[in-house]
Amino acid sequence: MTDARDPGWRPAIVGGILGLVPLVGSGLVRRSKNSLLLLRQLWVTFTTALVLVGVVVFVLRSALDGGGIDGRIVAAVVIVVGVATQVVAPRFLPTVAGNTDAEVRRAAARGVFLRIALAESVALMAFVGVIVSGNAGIYVLGFVIGITGMMDAAPTAAWLDRAQQQLRESGSSVDVLSAMTGGGPD
């Protein structure tokens, strides 16, 4: 077994919210010696951004007159693309693999960032849909699909267990928790 300890989510939440402040976020990344904490901070930052875009949409909803595109068509496109990015695309994402701590950190970070990118892309597409249709409800659809993807992308304890299982199945003896907490970004 390992002596590595999961830092939990509390420091990640504080760091993730501070990461929204210009220059503070980049300082956190430069000083980080714990990749798991850093991934969680970035996940919190991106999830907060989804919420903040939603706040902007609903504050400005009365000013949105749209570009003349039917909101039902835009909503259908958001749903189809959103479901595809959250259900189909993850099947093609690489698993966590590697024979060294650095390789495992890179593979784990790549997987989390790809999942975050898929989730964020749906919400951003919905934001564009709001602009072209004038229907703020479209962002709700994109947000729900995006936040579902973000929950799946979260580097939780269950995620660590799945990553460890993937490592075992690949024949690696690397302990994922030790690899993720024992070094900063590579």
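In this text, all values refer to a predicted model and were calculated from it rather than measured experimentally. Just so you know, residue 1 is the first one in the sequence shown, and it goes up from there.
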Given side-chain contact (heavy atoms from CB on, under 4.5 Å), test Leu167 with Val104 step by step and report yes or no.
CA-CA 8 Å; Leu167 283 171; Val104 168; 3.7 Å; yes

Taking the side chain as every heavy atom from C-beta outward, state whether Val56 and Tyr139 have any pair of such atoms under 4.5 Å apart.
no

Can Val51 be reached from Phe127 by stepping across I, L, V, M, F, W or Y side chains whose heavy atoms are under 4.5 Å apart?
yes

Is there a side-chain contact between Ser170 and Thr95 (heavy atoms, below 4.5 Å)?
no

Could you check whether any side-chain heavy atom of Met180 comes within less than 4.5 Å of a side-chain heavy atom of Asn34, counting everything from C-beta outward?
no

Just verifying a value: how many Å separate Ile138 CD1 and Ile131 CD1, rounded to the nearest 0.5 Å?
11.0 Å

On a heavy-atom basis, which atom in Met150 and which in Leu50 lie closest, and how many Å separate them?
CG-CD1, 3.6 Å

Between Val53 and Val74, is there shared hydrophobic-cluster membership here, with clusters defined by ILVMFWY side-chain heavy atoms closer than 4.5 Å?
yes

Walk me through whether Arg110 and Arg115 qualify under side-chain contact (heavy atoms from CB on, under 4.5 Å).
CA-CA 9 Å; Arg110 183 178 24 238; Arg115 290 305 312 255; over 6 Å; no

Please round to the nearest 0.5 Å and tell me the distance separating atom CZ of Phe92 and atom CG of Leu114.
13.5 Å

Using the rule that two of Ile, Leu, Val, Met, Phe, Trp, Tyr join whenever any of their side-chain heavy atoms come within less than 4.5 Å, decide whether Leu124 and Trp43 are in one cluster.
no

Any idea which heavy atoms bring Gly129 and Ser133 closest together, and the distance?
O-OG, 2.7 Å

What are the two closest heavy atoms between Gly15 and Gln41, and how far apart are they?
CA-NE2, 3.6 Å

Quick one: are Arg5 and Thr181 in side-chain contact, heavy atoms under 4.5 Å?
no

With side chains defined as the heavy atoms from C-beta onward, is the minimum distance between Leu36 and Leu160 less than 4.5 Å?
yes

Considering all heavy atoms, the nearest Gly182-Arg105 contact
C-NH1, 4.3 Å

Rounded distance [0.5 Å steps], CZ in Arg162 versus CD in Gln166
8.0 Å

Say whether Met125 and Phe58 are linked into one hydrophobic cluster, either directly or through other cluster members, by side-chain heavy-atom distances under 4.5 angstrom.
yes

Restricting to non-hydrogen atoms, name the atom on Ala153 and the atom on Val112 that form the minimum distance, rounded to 0.1 Å.
O-CG1, 3.8 Å

Do Arg40 and Asp6 come within less than 4.5 Å of each other through their side chains, counting heavy atoms only?
yes

For a 4.5 angstrom cut-off between non-hydrogen side-chain atoms, does Val96 reach Ser172?
no

Least distance between heavy atoms, Glu120 atom then Thr47 atom:
OE2-N, 4.2 Å

Run the side-chain donor-acceptor check on residues 140-148: report pairs under 3.5 Å with partners two or more places apart or on a different chain.
| residue | atom | partner | partner atom | Å |
| --- | --- | --- | --- | --- |
| Thr148 | OG1 | Val144 | O | 2.7 |

Same apolar cluster (I L V M F W Y, side chains within < 4.5 Å links), Leu38/Phe113
yes

